[in-house]
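Below is one structure, written out as structure tokens; the observations come after it.
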Number of protein chains: 2
Amino acid sequence: MAGYQEAADHIAAQISKGVLKPGTQLASERQLSEELNISRLTLRSALTKLEADGLIYGKSRCGWFVSPPRFVYDLNRKANYKEMAQSQGRAARIDLLDSGLMKGAGLPARMREHHRSKAFYLHRIRHLDGRPVMFETVYLAADAVPGLLEHNLSDSITGLLANDYRIEIDWEETSVRSALLDPAQAAALAVAPGTHCLMIERKRFSDSRLVEFDAEYWLPGAIEIRLSAQT
Amino acid sequence: MAGYQEAADHIAAQISKGVLKPGTQLASERQLSEELNISRLTLRSALTKLEADGLIYGKSRCGWFVSPPRFVYDLNRKANYKEMAQSQGRAARIDLLDSGLMKGAGLPARMREHHRSKAFYLHRIRHLDGRPVMFETVYLAADAVPGLLEHNLSDSITGLLANDYRIEIDWEETSVRSALLDPAQAAALAVAPGTHCLMIERKRFSDSRLVEFDAEYWLPGAIEIRLSAQT
DNA sequence: TAGTGGTCTAGACCACGAG
DNA sequence: TCGTGGTCTAGACCACTAT
């Protein structure tokens, strides 16, 4: 068996035995590599495998930590993010990084299929128990939400649409795939550049018009998506 | 900018410009690292980033290839895998690797919540245009499908249940997350051990009884999941 | 400023796939 | 058998975080 695999199994065993508990920090890479008698590169290989599996996560230049349970993101539930987090005993927070108005020409291709004029954009970070776990870019059709930027943008957008604009979403198209964080996203999430992620893209329609386009980049070990359907 | 990032951008540009077309093999790692004046390790780092992003894929000990478009896996469509592939102009194949009967005690925890007695299991590999892209383990409640192993197990299971057993699935629960391939799965898919994957887990019910439990491990660059819903 | 991870080199040997 | 990637070493320097 490969050396990094042995190291990964060793650490994974300590986690599953409870020697290392969620939230605790691992020893430094230099220290661990010495203890396990492998080079630092080999150890790092083991750590990144464990991270891909969701057992640990790295905070860039700070260290490695044992992961808490995955956040269960239920696509069927009407509950918003903060409510879902609360029902799982987690503390949620959303930070607005940036916002503005964008011309139709600058919008992502998948949005332009449905909406070609101006749109507001938001860049937000979602946290769980203080840890940033998701970067999102939200686009909202400008004509549907006049004066958007004066509203509170650190809460549920669906709630804002419903309460402040009386817009009810009646159709949703979702796409999920594996992707790579770009350097800015990685920096905002305090992870190493080139970390991969789970990308969720959603188009939200009201009365057959696209009003919201949302691209979410989740740290892959932090989330599990669930859905159910009658067939 | 980091050296591996420059190398990755360079190769990505060649792909998007069409200098490298889907399916073509890249030059060997040793050759590329010399051309780009970086160490082989740095080049490999660039290649694995590109793979995580779905632009290229590695076939273990054979080389690196430019990826074809992602297979669109539509969770709403009634179409089965081969039909979906055909409608996207792709040739699909399913190989049965192994099958047998398993005691209730050996079943995965998430299945045992619903079904605690014996179940048939299947290990299958799904291909697209000759390339293995997904490893799956299927469990079927033994009492629901007597004599299962004498049937054709290289085709749609849902179709088999409907046609041979008159079992109609009426409820489905799906879970999606990022995960790691174990060594046996990686070998079966001809990728490097420790490759990450997109895992789809499905429970299928008929008349409130679980009849099928399915764990699918997709190569992450090979698939995009889609779904839509009225809200 | 001290300690952490992030990146990188220039080799080496091994295991496996294809012909 | 040969060429491919897979793994590994023992260093080094840099960039950032925390304090």
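All values below come from the heavy atoms of this structure, side chains included, with hydrogens, waters and symmetry mates left out. Quick note on labels: first sequence line is chain A, next is B, and so on, each numbered from 1. Fair warning: this is a prediction, and the values are worked out from it, not measured in the lab.
- At a non-hydrogen distance threshold of 4.0 Å, B:Lys59, B:Arg61, B:Cys62 from residues 52-62 of chain B come into contact with DNA chain C.
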Tabulate below the donor-acceptor pairs under 3.5 Å that side-chain atoms of residues 9-23 of chain A make, not counting sequence neighbours, or state none.
from    : atom 1 : to      : atom 2 : distance (Å)
A:Ser16 : OG     : A:Ala13 : O      : 3.2
A:Lys21 : NZ     : A:Gly18 : O      : 3.1

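- B:Leu101 and B:Lys118 make their closest contact through CD2-CD, 4.1 Å (heavy atoms, listed as atom of the first residue, atom of the second, distance).
- Other residues, nucleotides and ligands contribute over 12 non-hydrogen atoms within 6.0 Å of the CD atom of B:Glu113.
- At a non-hydrogen distance threshold of 4.0 Å, A:Arg30 from residues 20-30 of chain A come into contact with DNA chain D.
- Residues that satisfy the side-chain hydrogen bond (donor to acceptor under 3.5 Å, both in side chains) test with B:Arg40, not counting sequence neighbours, are B:Glu29.
- For DNA chain C, the neighbouring residues in residues 39-47 of chain A, judged by any heavy atom under 4.0 Å, are A:Arg40, A:Leu41, A:Arg44.
- Side-chain contact between B:Asp155 and B:Ile94 is absent, with no heavy atoms from C-beta onward closer than 4.5 Å.
- Contacts between chain A and DNA chain C, taken as any atom within less than 4.0 angstrom of a protein heavy atom, begin and end at C:dT4 to C:dC8.
- Residues that satisfy the side-chain hydrogen bond (donor to acceptor under 3.5 Å, both in side chains) test with A:Arg126, not counting sequence neighbours, are A:Glu136.
- B:Tyr57 is not listed as a side-chain neighbour of B:Leu219, based on a closest heavy-atom distance of 4.5 Å or more.
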Considering only distance and modelled atom types, tabulate donor-acceptor pairs under 3.5 Å from the side chains of residues 47-55 of chain A, sequence neighbours left out.
from    : atom 1 : to      : atom 2 : distance (Å)
A:Thr48 : OG1    : A:Arg44 : O      : 3.2
A:Thr48 : OG1    : A:Ser45 : O      : 2.9
A:Glu51 : OE2    : A:Gly58 : N      : 3.1

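- For A:Ser67, the side-chain hydrogen bond (donor to acceptor under 3.5 Å, both in side chains) test picks out no residue, with sequence neighbours left out.
- Looking at B:Leu160 and B:Leu148, their side chains come closer than 4.5 Å, going by heavy atoms from C-beta outward.
- DNA chain D lies under 4.0 Å from no heavy atom of any residue of residues 4-12 of chain B.
- Between B:Gln86 and B:Lys82, every side-chain heavy-atom pair lies at or beyond the 4.5 Å cut-off.
- The side-chain hydrogen bond (donor to acceptor under 3.5 Å, both in side chains) contacts involving residues 88-103 of chain B comprise B:Arg90-B:Asp129, B:Arg93-B:Asp95, B:Arg93-B:His127, where partners must be two or more places apart or lie in separate chains.
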N/O donor-acceptor pairs under 3.5 Å from side chains in residues 197-204 of chain B, not counting sequence neighbours:
from     : atom 1 : to       : atom 2 : distance (Å)
B:Glu201 : OE1    : B:Arg110 : NH1    : 3.1
B:Arg202 : NH1    : B:Tyr73  : OH     : 2.9
B:Arg202 : NH2    : B:Glu172 : OE1    : 3.3
B:Arg204 : NE     : B:Glu172 : OE2    : 2.8
B:Arg204 : NH1    : B:Glu212 : OE1    : 3.4
B:Arg204 : NH1    : B:Glu212 : OE2    : 3.1

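- What you find for A:Arg131 and A:Ala222 is that their closest heavy atoms are NH1-CB, 4.2 Å.
- The shortest side-chain heavy-atom distance between B:Tyr4 and A:Pro193 falls under the 4.5 Å cut-off.
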